[in-house]
Amino acid sequence: MKRPGLILAAVLLLLTGCEKDRLDAQVREMCAKDGGIKVYETVRLSPEKFDKYGAVKIPSKQDAKQEDQYYYESRMHHYKSGNPEMWQLHFMLYRRIDNKLIGEAISYARRGGDLPGPWHASSFGCPDDADISDLKKRIFIKAD
């Protein structure tokens, strides 16, 4: 005689694995289509604009002050909410004086879809190196 609990667990494991695999395949497909960093213009800045780690501080649009020359905006679009969830994260970096888009970074991710339990949810995302820090590193160059 088979145990109903064992059969239910096997079916649940199969279904959660299939949903995660399907969403991960969608994430990979979207990453291949338009994921990554696009730089439309590079900017040379004096070395004192960079911190000790080689990064440039650029505020978000809502935190930017009048004297800030650059700002970024970010948008998150959920394709699927709940458990599992899947989303796109889009960063856009602008020059204030003319509001010109000088670069953007797009990434996709899936989180969750696992069997319930006390562990952290699994996740998958791509491409690597497509957040606001990576975008700033590609746009802002130290002047000699």
**Message:** Would D34 and Q88 count as a side chain to side chain contact (heavy atoms under 4.5 Å, CB included) here? Give the steps.
**Reply:** CA-CA 11 Å; D34 68 352; Q88 176 202 65; 4.3 Å; yes

**CA sep, side-chain torsions, deciding dist, call: K20, R111, side chain to side chain contact (heavy atoms under 4.5 Å, CB included)** = CA-CA 9 Å; K20 280 175 33 179; R111 179 175 52 214; over 6 Å; no

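Separating the CG atom in L93 from the CD1 atom in I102 is a distance of 5.0 Å, to the nearest 0.5 Å. Separating the CZ atom in R138 from the NZ atom in K38 is a distance of 11.0 Å, to the nearest 0.5 Å. Here the OG atom belonging to S107 is positioned 10.5 Å from the CG atom belonging to D129, to the nearest 0.5 angstrom. Note that CD1 of I37 is 7.5 Å distant from CG of D131, once rounded to the nearest 0.5 Å. With rounding to the nearest 0.5 angstrom, the CZ atom of F124 is 6.5 Å from the SG atom of C31. In this structure, CZ on F140 lies 4.0 Å from CD1 on I58, to the nearest 0.5 angstrom.
G35 and P127 make their closest contact through C-CG, 3.9 Å (heavy atoms, listed as atom of the first residue, atom of the second, distance).
In this structure, the side chains of C126 and V27 come closer than 4.5 Å at one or more pairs of heavy atoms. Using a 4.5 Å heavy-atom threshold, the side chains of H90 and E104 count as touching. Within the 4.5 Å cutoff, no side-chain heavy atoms of R95 are placed close to those of Q69. Side chains of E85 and R110 form no contact here, defined as non-hydrogen atoms less than 4.5 Å apart. Side-chain contact between E19 and P84 is present, with heavy atoms from C-beta onward closer than 4.5 Å. At a threshold of 4.5 Å between non-hydrogen side-chain atoms, the residues Y70 and V43 count as touching. Within the 4.5 Å cutoff, the side chain of L45 has heavy atoms near those of the V56 side chain. With contacts defined as side-chain heavy-atom distances shorter than 4.5 Å, the pair E73/K61 qualifies.
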Side-chain atoms of residues 46-55: list all donor-acceptor pairs with protein atoms under 3.5 Å, sequence neighbours left out, distances to 0.1 Å.
{"residue": "S46", "atom": "OG", "partner": "E48", "partner atom": "OE2", "Å": "2.9"}
{"residue": "D51", "atom": "OD1", "partner": "Y53", "partner atom": "N", "Å": "2.8"}
{"residue": "D51", "atom": "OD1", "partner": "G54", "partner atom": "N", "Å": "3.0"}
{"residue": "D51", "atom": "OD1", "partner": "A55", "partner atom": "N", "Å": "2.9"}

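Counted within 6.0 Å of CD on Q66, heavy atoms from surrounding residues, nucleotides or ligands total 12 or fewer; the atom is thus considered open.
Cluster membership check: I132 shares its hydrophobic cluster with V39, using side-chain heavy-atom separations under 4.5 Å among Ile, Leu, Val, Met, Phe, Trp and Tyr. Hydrophobic clustering keeps L101 apart from Y72 (ILVMFWY residues linked when any side-chain heavy atoms are closer than 4.5 Å, directly or through intermediates).
For Y71 and N99, the side-chain atoms include at least one donor-acceptor pair closer than 3.5 Å.
For N83 (side chain) and G112 (main-chain N/O), no donor-acceptor pair under 3.5 Å exists by modelled atom type. The closest donor-acceptor contact from the side chain of R96 to the backbone of D68 lies under 3.5 Å. The backbone N or O of A130 sits less than 3.5 Å from a side-chain atom of D134, completing a donor-acceptor pair.
Seen from the ring of Y108, R28 does not count as a face-on cation partner, given the 6.0 Å and 45° thresholds.
Aromatic ring pairs are classed by plane angle as parallel below 30°, tilted from 30° to 60° and perpendicular above 60°; the pair W87 and H78 is tilted.
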